[in-house]
Amino acid sequence: MLSLKTKLEVLGHPGFTEVVISDRKEFANTVLWLEDQKIRLYSIEDRCKLRNVDNPEIWKEGYKKYCADLNMPPLETRQEQLSWILSYAVRLDFLDDPDQFASINSKQVPPQSNGKQTQQKVQAIFEGNINTQEKAFVDAVRLLASKLNVPHHPNHLLQLEAIARVVHERLSPAAKDRKPVLGKPFPFDKGNDVVSSNDPALDLPMRILRLLQIQSLRELQTHINETIVAVQNITANPKTDTKLGKVGF
């Protein structure tokens, strides 16, 4: 999957290294550049609201209609929305001139999970009995993700994969058998350890990080001890093949 910077570079954006999408005006100018130079969904006259980047209300109204006319799926963040628009523009650019993307396609990149692979995997799980692309299925995935606090993703199947991992981590039989941690909470704010900074606001996070580090070291020591025991069990009970032995000369 191409990054925002790579997509902007491929499309020839003059300031692809300096785009800050958290800045509303810069985000608006980037969208306008894509419409003017690459997508051209509207006529020049119909782009007037998108050109009003200095008027947030007018631009927002025009941008909302623009997203609807592009058939953009419901996306929450500017990064997701810009990524989708860039992908749309790259697709159009590719259809116009596929040769310019040959150098990008030829680059060796490590294999990673993509939407097509995930779709095939999920569809195989349901054995073709459920259409994973229908609206009811997508809405159910989004609802379940919101209840489990799984972040939004434009591809609902990748989001479903994340949901499966959360369920496995928190709701699997192994997770249910875990005993809850009981006892009195550790008084982070009253610790007398040597962790100290000149900023009182940093003392609490530093104590928490130190305890997390101690916990990680204890888990590492437990794994080391388990490995030592496993090796000792093997070396303390050797299996000898007496057929290979000799007596005398």
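What you see is a predicted model, and the numbers here were worked out from it, not measured in a lab. Basis for what follows: all heavy atoms, side chains included, without hydrogens, waters or symmetry-related copies. For reference, positions follow the sequence shown, starting with 1.
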Quiz item: Out of curiosity, does Leu82 fall in the hydrophobic cluster containing Val53 (side-chain heavy atoms, cut-off under 4.5 Å, transitive links)?
Solution: yes
Quiz item: How many angstroms lie between SG in Cys48 and CD1 in Ile58, if you round to the nearest 0.5 Å?
Solution: 9.0 Å
Practice problem: In sequence, state the C-alpha distance, the side-chain angles, and the governing distance for Thr30 and Ile85, and then conclude on side-chain contact (heavy atoms from CB on, under 4.5 Å). | Solution: CA-CA 10 Å; Thr30 304; Ile85 296 174; over 6 Å; no
Quiz item: Say you draw a straight line from OH of Tyr88 to CG of Leu34; how long is it, rounded to the nearest 0.5 Å?
Solution: 12.0 Å
Quiz item: Hey, does Lys7 have a side-chain heavy atom less than 4.5 Å from the side chain of His13?
Solution: no
Exercise. Answer yes or no: does atom CD of Glu219 have more than 12 heavy-atom neighbours from other residues, nucleotides or ligands under 6.0 Å?
Key: yes
Exercise. Look at Arg165 together with Glu161 and state whether they make a salt bridge at an N to O cut-off of under 4.0 Å.
Key: yes
Exercise. May I ask whether Val138 and Trp84 are part of the same hydrophobic cluster, defined by side-chain heavy atoms of I, L, V, M, F, W, Y residues being less than 4.5 angstrom apart, directly or through others?
Key: no
Self-check item: Flag side-chain contact, heavy atom, 4.5 Å: Leu86 against Lys38
Solution: no
Quiz item: Between Arg78 (side chain) and Ser22 (backbone), is there a donor-acceptor pair under 3.5 Å?
Solution: yes
Quiz item: What's the verdict on side-chain contact (heavy atoms from CB on, under 4.5 Å) for Leu32 and Tyr66, showing C-alpha distance, side-chain angles and the deciding distance?
Solution: CA-CA 10 Å; Leu32 177 60; Tyr66 184 63; over 6 Å; no
Self-check item: Distance, nearest 0.5 Å, that separates NZ of Lys135 from CZ of Arg142
Solution: 11.0 Å
Practice problem: May I ask you to test the Pro14-Trp33 pair for a side-chain heavy-atom distance under 4.5 Å? | Solution: yes
Quiz item: How long is the span from the CG atom in Leu158 to the CD1 atom in Ile163, to the nearest 0.5 Å?
Solution: 11.0 Å
Exercise. Mind checking the CD-CZ spacing from Glu35 to Arg51? Nearest 0.5 Å is all I need.
Key: 8.5 Å
Quiz item: Just wondering, are more than 12 heavy atoms of other shown residues or ligands nearer than 6.0 Å to CG in Leu212?
Solution: yes
Self-check item: Separation between CG of Asn55 and CG of Asn52, rounded to the nearest 0.5 Å
Solution: 5.5 Å
Quiz prompt | For the student: nearest non-hydrogen atoms of Val150 and Ala162, plus distance | solution = CG1-CB, 3.9 Å
Exercise. Output, in order, the C-alpha distance, side-chain angles, deciding distance and verdict of side-chain contact (heavy atoms from CB on, under 4.5 Å) for Lys49 and Tyr42.
Key: CA-CA 11 Å; Lys49 289 186 177 180; Tyr42 293 159; over 6 Å; no
Quiz item: In terms of heavy-atom contacts, does CD of Gln79 have more than 12 from other residues, nucleotides or ligands at under 6.0 Å?
Solution: no
